[in-house]
Amino acid sequence: MLKISLPDGSVREVALGTTPAEIAAAIGPGLAKAALAARVDGELRDLTRPLEADATLALVTAKDEADALDLARHDFAHVLAEAVQNLHPGTQITFGPSTDDGFYYDFAPKDRAFTEEDLPAIEAEMRRIIARDEPLIREEWEREALIARWRAEGETFKAEWAAELPAGEALTVYRAGRGEDAWLDMCRGPHLPSTGKLDPQAFKLTRVSGAYWRGDQKNAMLSRIYGTGWLSKKQLDQHLTRLEEAAKRDHRRIGQEMDLFHLQSEAQGSVFWHPNGFVLWRQLEAYMRRRLDAADYAEVKTPQLMDARQWEQSGHWGKYRENMFVVPDEVPNTEGEGAVLSGEGDLMALKPMNCPAHVLIFKQGIKSYRDLPIRMAEFGCCHRNEPHGALHGIMRVRQFTQDDAHIFVREDQLIGEVQRFCELLDAVYRDLGFEDYAVKLALRPEKRFGSDAMWDMAEEELRQAVAQSSLSDAIKAKFEELPGEGAFYAPKLEFHLTDAIGRTWQVGTIQSDRVLPDRLDASYVGEDGNRHRPVMLHRAILGTFERFIGILIEHHAGRFPLWLAPVQAVVATIVSDADGYAGEVLAKLRAAGLRAESDLRNEKINYKVREHSLAKVPALLVVGKREAEEGKVAVRRLGEKEQQVLPVDEAISLLRAEATPPDLR
RNA sequence: GCCGGGUUAGCUCAGCUGGUAGAGCAUCUGAUUUGUAAUCAGGAGGUCGUCGGUUCGAGUCCGACACCCGGCACCA
């Protein structure tokens, strides 16, 4: 007999081989029906998997939403695969997990990749499979038998996978339905007891795409079908609504609507900032400059183009050449038409990073240990020739400006500097409206430079710096380590912002680098009179202006706080008799340093209110006859239905206070 | 770079199986002087992404290229 402990503290004695489903049935028919899976000693398992030892058992129902969702999504993926093979015989199955909001499955199509036009038929077939309520039965197979089976069915990807699963691990197969011809997939499980547990109205196939087998560019391109899956139609509808809301916040759409910037094919991947959008940039840059000044950074400006030899020395030519824009250094051809290289093989390259140039500044003159730390900042404009498919609005571009800085430190200063950086970054994010962000430590990658001892030390330094910093407990609680994600020369701290609708974006970063100072022979004179290598901290808070502004746009959905808003106030007249007065109000607003416009058009006030509201102008100052006579304005704030009638000077001083950047309040 | 989809007026989009283009908004003109999310009327505006092909005839069919979108890969 086995002793099975239940969550209520009771212990049941059951025979060896009893299943959680049977225990659920013994407890009650309601539970038996609601049970989706079991947690056995904390491990999620199939309801029908026999118990083999004393254990704690918790039955998983829809109330355990995280588990239930994950099980359902995984099952949707299987149902998708079965549906596709029913409709498209000859399609090979490969791999199909659950995701954050649904699931996908990768197929090796027989002749052509799937398109969105295939999806409705596949959805219908999925609903038929769910309606058939096929039991999902777990089986353990011998490796050779399984490989043979997959080969016999022409499932070469599954056969490859089966052959490579680690020895000693049970090879499990799930049978959908009963009998010899039931559909099979190799899968670690667990699964719901049957497809009928899925809500046929709670999923939707959303898109198709390509995906490399095992995520490797060198492998075959598979055809992936994505879906979103939930426990109920209501949840699905809520999710679809969220997606619609997110689409309305898309920075590309708002950028167009608010006339912030545009992109065009003649300058692929580079942003044309319009006057409105560049206000955001200027405010952000001025703010960062004040912050950096206060934090003892010295600002520099370095060349856009440098000789290829310099990039060879820094190591970029070897490691980063593919992503660099290389420019021939040409002179007129004295012996004929056109131009020729100025010297043999003379090439220049646009900088993809600012770090080498900063080291070159560091190397001018002799540096003493007393000079360190040296904090060198640059709003550096970089060019990287990103793969075409990577470009995305203003978030991923080929020309961008980083709020970059390099801090040259002695070993004994390193942790303190990283800590100082974390605190500066925290203050900036809070000022900019992002209270909620995550810190991640990217650890040594497989291919790396330097000894294990160096990595042990470098990783521990960053870990310590975060732990010792004054970041809030909430932020520290979310700290996470990412094995294998570090740069080849150093571990890095990554700072991920969460926007208003829950998406996260990596923006800030800091990494300690002992390689580049060495390659470029940077040194300082130590207390002992000998030359020493400084450690170089590469760091950014916003990351790039382009991406950060994109995030700000989406975070605020274009409704910027007053200090950032491109147009802060519009004076709108009700009748043309108020035009003169509106002009006076406008002049006062501008004299107070506010970005203001007037709208004297011959239109109804309803029309003007609607138009400026849609343009997301934060403050609308309406003036009619009454206001003109009384020296007042009717202030209507964006998003509010009510207006407040105030004396002009009072309205202006309120707006002015609110328009003060957060660091100057 | 790879897979799939797309590109029609300033913007958002319609245009069935080929017969040389249409709406709303914006713009312009006129009327209207208006009190908090669209006043009315009229006009103008497009070599349908580029190049090539099929055809008596191409926005529509075929091919190449460019760019965009969704993913994948990439992201010092």
Side-chain angles (χ1 to χ4, degrees), chain A residues 104 106-107 109 112-119 206-226 250 252-253 256-257 259 262-269 314-316 319-320 322-323 352-356 382 384-393 395-397 400 402 404 442 445 449 485-490 492 494 506 509 511 513 515-516 538 540 543-544 547 572-579 600-615 620-627 634-636 638-643 645:
Chain A
Y104 66 80
D106 286 348
F107 301 94
R112 61 165 183 93
F114 296 110
T115 75
E116 295 199 3
E117 289 177 6
D118 296 318
L119 300 184
T206 50
R207 52 182 174 255
V208 294
S209 91
Y212 298 104
W213 168 235
R214 296 183 151 194
D216 191 328
Q217 215 170 355
K218 292 193 283 287
N219 291 339
M221 175 61 65
L222 304 173
S223 184
R224 174 174 296 180
I225 297 178
Y226 279 95
D250 191 307
R252 292 165 298 189
R253 174 174 169 159
Q256 163 88 263
E257 287 169 355
D259 194 19
H262 85 270
L263 298 155
Q264 66 181 63
S265 57
E266 287 76 4
Q268 189 196 11
S314 66
H316 289 82
K319 296 272 180 196
Y320 209 67
E322 281 187 358
N323 289 290
M353 295 172 206
N354 305 301
C355 30
C382 297
R384 294 183 191 170
N385 197 348
E386 303 284 2
H388 287 66
L391 301 177
H392 176 88
M395 302 286 218
R396 189 85 184 269
V397 286
F400 51 85
Q402 298 175 307
D404 200 11
F449 190 97
E485 300 274 309
F488 73 93
Y489 58 80
K492 59 179 180 178
E494 298 177 352
Q506 192 206 312
T509 179
Q511 43 205 273
D513 178 8
V515 175
L516 195 62
H538 304 246
T544 70
R547 169 175 292 186
T573 52
I574 293 172
V575 290
S576 54
D577 286 349
D579 286 1
L600 310 182
R601 290 176 302 172
N602 177 9
E603 295 290 351
K604 292 194 168 183
I605 194 61
N606 284 308
Y607 181 90
K608 296 186 185 183
V609 166
R610 174 179 157 83
E611 189 154 288
H612 299 300
S613 297
L614 290 175
L620 190 57
L621 310 188
V622 178
V623 296
K625 233 178 201 166
R626 277 204 302 276
E627 287 76 12
V635 183
R636 178 179 170 130
L638 180 60
E640 288 174 23
K641 287 231 165 19
E642 300 301 312
Q643 57 273 358
V645 182

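Below, each value reflects all heavy atoms present in this structure, side chains not excepted, and no hydrogens, waters or symmetry copies. Numbers restart at 1 for each chain; the letters A, B, ... are given by sequence-line order, proteins then strands.
The nucleotide B/rA64 finds its pairing partner in B/rU50, both defining distances of the Watson-Crick or G-U wobble pair being shorter than 3.5 Å. B/rG24 is paired with B/rC11 under the criterion used here, namely a Watson-Crick or G-U wobble arrangement in which both key atom distances are under 3.5 Å. The partner of B/rG1 is B/rC72, judged by Watson-Crick or G-U wobble contacts that both fall below 3.5 Å.
Nearest nucleotide to the A/His388 side chain, out of B/rG1, B/rC68, B/rG35: B/rG1. Side chain of A/Glu603, nearest nucleotide from B/rU39, B/rU33, B/rU36: B/rU39. Picking from B/rG1, B/rC75, B/rG35 the nucleotide with the shortest atom distance to the side chain of A/Glu627 gives B/rG35. The side chain of A/Tyr212 lies closest to B/rA73, out of B/rU33, B/rG35, B/rA73.
Of all non-hydrogen atoms in A/Ala487 and A/Gln511, the two that sit nearest each other are CB-OE1, 4.1 Å.
Across all strands shown, A/His392 has heavy atoms under 4.0 Å from sugar-phosphate atoms exclusively, and none from any base. Here A/Ala490 lies out of heavy-atom contact (under 4.0 Å) with every strand. Base contact: A/Lys319 has a heavy atom under 4.0 Å from a base atom. Within the nucleic acid shown, A/Arg252 comes within 4.0 Å of sugar-phosphate atoms alone, with no base atom in reach, counting heavy atoms only. Nucleic acid contact for A/Leu614: base, since at least one base atom lies under 4.0 Å from a heavy atom of the residue. When heavy atoms are screened at a 4.0 angstrom cut-off, A/Tyr104 is found touching no nucleic acid atom at all.
Environment of CD in A/Gln264: crowded, with over 12 heavy atoms of neighbouring residues, nucleotides or ligands closer than 6.0 Å.
Side-chain contact, A/Gln402 with A/Asn354: a donor N or O sits under 3.5 Å from an acceptor N or O.
A donor-acceptor contact under 3.5 Å is not formed by the side chain of A/Arg214 with the base of B/rA73.
If you take atom P in B/rU20 and the same atom in B/rG5, they sit 29 Å apart, rounded to whole Å. A gap of 34 Å separates the P atoms of B/rU27 and B/rC67, to the nearest Å. Nucleotides B/rC28 and B/rA9 have their C1' atoms positioned 15 Å apart, rounded to a whole Å. Taking the P atom of each, B/rG6 and B/rA44 are spaced 34 Å apart, rounded to whole Å. Taking the C1' atoms as reference points, B/rG59 lies 7 Å from B/rU8, given to the whole Å. For the P atoms, the distance linking B/rG45 with B/rA21 amounts to 14 Å, nearest Å.
Formation of a donor-acceptor pair under 3.5 Å by the A/Lys608 side chain with backbone atoms of A/Arg601 is found in this model.
As rounded to whole Å, 17 Å separates atom C1' of B/rC3 from atom CH2 of A/Trp213. One atom, CD1 of A/Ile605, and another, P of B/rU39, lie 11 Å apart when rounded to the nearest Å. In this entry the distance linking CD of A/Gln217 with P of B/rC74 reads 7 Å, nearest Å. Summarising the geometry, the separation between CG on A/Leu119 and P on B/rC3 is reported as 19 Å, rounded to the nearest angstrom.
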Check against side-chain contact (heavy atoms from CB on, under 4.5 Å), A/Arg112 and A/Asp118: CA-CA 11 Å; A/Arg112 61 165 183 93; A/Asp118 296 318; 2.9 Å; yes

Intermediate values then yes/no, side-chain contact (heavy atoms from CB on, under 4.5 Å), A/Arg384 and A/Arg396: CA-CA 10 Å; A/Arg384 294 183 191 170; A/Arg396 189 85 184 269; over 6 Å; no

Which atom pairs link the protein and nucleotides 4-11 of chain B when you take only N or O atoms and keep those under 3.5 Å?
none

Do any N or O atoms of the protein come closer than 3.5 Å to N or O atoms of nucleotides 26-30 of chain B, and which pairs are they?
unit_1	atom_1	unit_2	atom_2	d
B/rA26	OP1	A/Tyr607	OH	3.0

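Remark on RNA chain B: of its neighbouring residues A/Gly639 and A/Arg224, the 5'-side contact belongs to A/Gly639, judged by nearest-heavy-atom nucleotide.
When the side-chain nitrogen and oxygen atoms of A/Arg396 are compared with OP1 and OP2 of B/rC69, none of them lie within a distance under 4.0 Å.
Relative ring orientation between A/His538 and A/Tyr489 is described as tilted, the plane-to-plane angle lying within the 30° to 60° band.
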